[in-house]
Each structure stands twice: as structure tokens, then as C-alpha cells.
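Chain A is the first sequence line, chain B the second, and so forth, proteins listed ahead of strands; every chain is numbered from 1. Source: prediction; values computed, not measured.
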Amino acid sequence: MLKSTNSPFPSKTKFSVWFFRSLTSFLSPKQNEAHLSLSHQHKQNYKKYYLFSFLNENPTNQRVSKQVHSHLITTASFSHSVRLFNAVLRCYAVSENPKDTIFLYQQIQTCASLKDLALGKQFHGVEIKMGFESHLYVQTVLVNMYVESGGLVECKKVFDEMPEKNSVTWNVMITGLAKQGDVEFGRFLFEKMPDRNIVSWSGMIDGYTRMNQHREALGLFRRMVADDGVDPSEKTFLAILPAVWNIGDVKICRLIHGYGEKRGFLVSDIRVMNSLIDTYAKCGCMGSALRFFDEISTDTKNLVSWTSLISGFAMHGMGKEAVESFEKMEQEGWKPNRVTFVSVLNACSHGCLVEEGLKFFKKMVNEYQILPDIKHYGCLVDMLGRTGRLEEAEKIALEIPSEISNEVVWRILLGACSFYGDVEMGERATEKIMELERGYGRDYVLMSNILVGAGRFADAQRLRRLMDERNAIKFAGSSLT
DNA sequence: TTAGGGTTAG
């Protein structure tokens, strides 16, 4: 058990700091200045103290405790007023209606979603003091709070010492660990878990996908379906499909698609269908992606469906098809968002449709009033650069507001300089990259190749040495499969 | 009733 000898309440100094903060958060900025007089603070302080004493003396007065509780929730100040909150907790604890306690702990969990480990520990202290140590639901929420806010040591401890666990407790642990990147311990618990359900399987599969262990994710999916006969849920599909396109085998995509269709899992959830469009496209099978897209009824399709299709065309260099889809999407009344524009601009750049691309960029800014972000600029630079319009590309790169500019844009330009053998611009681009990121070996290699191409062997060698001195990491081109 | 992911420049 965690240390419970100390008071669960914050120290006096700490409390006054919190209290001050809670006061300021109560008030709107305007009120803030006018009311920050000491007398006001005292008044608030007194009010809280009064409530606190009242609740302590009348723990069974449900009406008042509920009022205080709702006040704490609606003013969003309860995370600051732990002491008052404790008093409310105590009232709920002696309440005859245990639902109140559960409701209250849901609020704590909302609090835990702030991922505030220090505050969470405070509540753990309260929980121990109130004798909830063997309360299954409360303990489960505590485990969730710890694992969500990164308290891995604490969550394991609470979990281990729980006298009773149910499947939710196990799932909270497994999915939480997977999210935190500790798949190995998650897997250990998963294998030990007495009654695995679909949440456990999906959580575990998701954990492997997140950690780029796609084969492992796929193996688990196979085991779930074939050996254990567990039906996947829509969430399982959403977890497994990224593993499929990372492996890139369209046969696996078809297999899972067929399975989902046969069992009727795919017809209900547009998110799964969109993910499937994306997966087919990323597996290199644009035909299947398009066919599947066309099968989805018009009322079911949404903006993400269209965007997934367009981004698929983009990665296959099918600029014309992407542009046509974009127009059709607009005709059907969909309003493109920033992601749709990234996709269509990317399609224009891969399909060398410069004029169309520039038109889309203007349309985005003027007609849809979307502020371009760095990816939109990146597409533009790429589009101009790959068609040899290097001056224009550099001009755009220089016009990007410095708050959003990054090394990727200059790296794109450097790539174009390398292709067209523009040494001077390449050097300028390299200089910009080096201001932002010095540890990426490929930049040095690319620039030194440009220099070699121009016959400047000594400069190329100097750059290579600089790369070694700076310990820049050079990733060899390799296939993961 | 305490667990849960669709599209994004190189």
C-alpha cells in the first residue's frame, strides 16, 4: 500500500496556493482585477470554511452536500479545493445511496483525465482514509487514474494489492499499459487474465500497433478469431488495420475485409469503412480502395471518406483522379477541411499539376478561409520544386511565417535542388536546415552529393566530416518486411 | 457501470 501515514490533505502553504488559484479561476478576467482584494478572499475563505465545518458536522445532510458538490463541479474548482471536496466525499460515504459514491468517483476520474499525478495521489490518500480500499469500482478507477497519468509503479502496486478484480480492472491495466508503451507487461497480464473479452484483445492489439510491432498485432488478431473464437468489434478493426497497411500486404487486407463483411461488422461503422479505404490505398491497391468507396452509400459517406480517397490518389500519383474526386465531393455538398486540402495539394504535387495546385491553394485561403499550415506550404514547395520551378519554390519557403516554418520544407527544397543540380540554392537550403536540425544524416549526404555532382569534391568531403563530428545519424534505406 | 483509435507535406 502506498504511504498513508501523512495527511491526505495538502500542507497549509500548499493549500493556500491552491486556494488562491481556485479563487482566480472562479472569476472572469475582468472580475479578477476588481475583486482580488483581501476582503474578498477572506469572504470566500470564510464561506468555504463554513461549508467545510457544516459538512463535517452534518455528514448526513445530502441536500447540502449535493449542492456543494455541484458548485464545485460547475465552477471547475473542486480540483483546487481538496479539503472541501474531502468533506463532500465523507458525506457521500455515509450516504445510504451507494450510487452517489460512484457518481462522485466518476468526477474524480474526470479529474484524473487531466493526468495530474500529484492530485491523483491526494485522492488516493482520501480514499484510504475513507476505507474504500476494498471497494472494487473505486479501486479500479484509482488504477485507471494512475496508469493514465503515467504513475506506472503506483498503478501496479494498487492493482497487485486489490483483494478482488473484475475484467474491467484487468482491461484498465492492459489498455492503459499499452497506451503508455509498456506492451510487454501488458501482454504478461493479458496472458494471466482469467476472462479476456474483446476490450482486452483490442487493447492489446492496439498496443502492439502503437509500438510498431505489427506482426505481433496481426498474430494476436488471428489467435483471437481462429483459436479463441472471439468476435472482433469495430474497435478491433480500427486497431488492426494500421498494422495491415504497415505490413503492406493487400492479401491480409482482403482477408480481414472479407471476414468483416461475412460477419456483418463492416456495414455499420463509417470509421471502419474509411479506415479500410485507407488501408487498401496504402497497400498499393487503389482499385480496391475505389471499388470499396463506391460501394458505400451516399448518405453513409462523410468528409473523411472523400479525404481518404483523395489521399489515396495522391500517394499513387493520380492527380487527375484526385482533382475530379475533389470536385465531385464539392458537388455533393461537402465542405473540405485542412486535411482534405493537404491531400489534394499532395495529389497535385505528385501528379505534377502545378497550376491546379496553386488554384486549390488560393481556393483554400479565399473561398474556405482556411489558414495554410506547414503541410500545405510543404506541398506547394514540393510541387514547384519537382517541376523545376526552383525560384518560386524558394520564394514560397521564405514567405512561410517563421512560427510555423520547419526543416522539412527546406529538406523538400534540398531534394529538388539535388534533382536539378542547383548547388547554390542547395547550399542555402542546407544552411536553413542546419539552423533547425543538425542530427539528420541524410541532409549531409544529399548536399555532399550535390557538391560531388558539381565537382566540388573537397567541399563534399568537408561536409561528410562535419556529419561524423556532429554524430548525425544516417539511416540506411531499408525495408522492414 | 469502473476500458476504447477514421483521413494530413518528406
Give the nucleotide from the list B/dG10, B/dG5, B/dA9 with an atom nearest to the side chain of A/Asp206.
-> B/dG5
The side chain of A/Lys282 lies closest to which of these nucleotides: B/dT8, B/dG4, B/dG10?
-> B/dT8
Determine the contact category for A/Leu136: base if any of its heavy atoms lies under 4.0 Å from a base atom, sugar-phosphate if only primed atoms, P, OP1 or OP2 are that close, otherwise nothing.
-> nothing
Ranking B/dT7, B/dA9, B/dG5 by distance to the side chain of A/Ile374, first place goes to B/dA9
Separation of A/Asp382 atom CG from B/dA9 atom P, in whole Å?
-> 11 Å
Nearest-nucleotide pick for A/Lys235, side chain only, options being B/dG4, B/dG10, B/dT2 = B/dG4
Separation of atom CG in A/Leu241 from atom C1' in B/dG5, rounded to whole Å = 11 Å
At under 4.0 Å between heavy atoms, what does A/Asn346 touch on the DNA or RNA strands: base, sugar-phosphate, or nothing?
-> sugar-phosphate
Base, sugar-phosphate, or nothing: which does A/Ser308 touch, judged by heavy atoms less than 4.0 Å apart?
-> sugar-phosphate
Would you check if there is a donor-acceptor pair between the side chains of A/Asn197 and A/Asn171 at a distance under 3.5 Å?
-> yes
With heavy atoms under 4.0 Å as the rule, sort A/Ser275 into base, sugar-phosphate or nothing.
-> nothing
Any side-chain donor near an acceptor of the partner, A/Thr340 and A/Asn337, under 3.5 Å | yes
Hey, are A/Asn302 and A/Ser305 close enough side-chain-wise for a donor-acceptor pair under 3.5 Å?
-> yes
So what does A/Asn166 touch, heavy atoms closer than 4.0 Å: a base, only the sugar-phosphate, or nothing?
-> base
Reckon A/Lys165 has a side-chain N or O less than 4.0 Å from the OP1 or OP2 of B/dT2?
-> no
Donor/acceptor link under 3.5 angstrom from A/Ser233 side chain onto base of B/dG4 | yes
Regarding B/dG5, purine or pyrimidine glycosidic angle vs 90° from 0 gives syn
Would you say A/His350 reaches B/dA9's phosphate, i.e. side-chain N/O to OP1/OP2 under 4.0 Å?
-> no
May I ask you to say what A/Val172 touches in the nucleic acid, namely base, sugar-phosphate or nothing, with a heavy-atom cut-off under 4.0 Å?
-> sugar-phosphate
Identify which nucleotide among B/dG5, B/dT2, B/dT7 has an atom closest to any side-chain atom of A/Tyr137, counting heavy atoms from C-beta outward.
-> B/dT2
Rounded off to whole Å, could you give me the CG-to-P distance for the A/Leu142 and B/dT1 pair?
-> 20 Å
Might you point out which heavy atoms bring A/His124 and A/Leu142 nearest each other, and give the distance in Å?
-> CD2-CD2, 3.3 Å
OP1 or OP2 of B/dG10 less than 4.0 angstrom from a side-chain nitrogen or oxygen of A/Asn406, does that happen here?
-> no
Donor + acceptor pair across side chains of A/Arg411, A/Tyr440 (<3.5 Å) | no
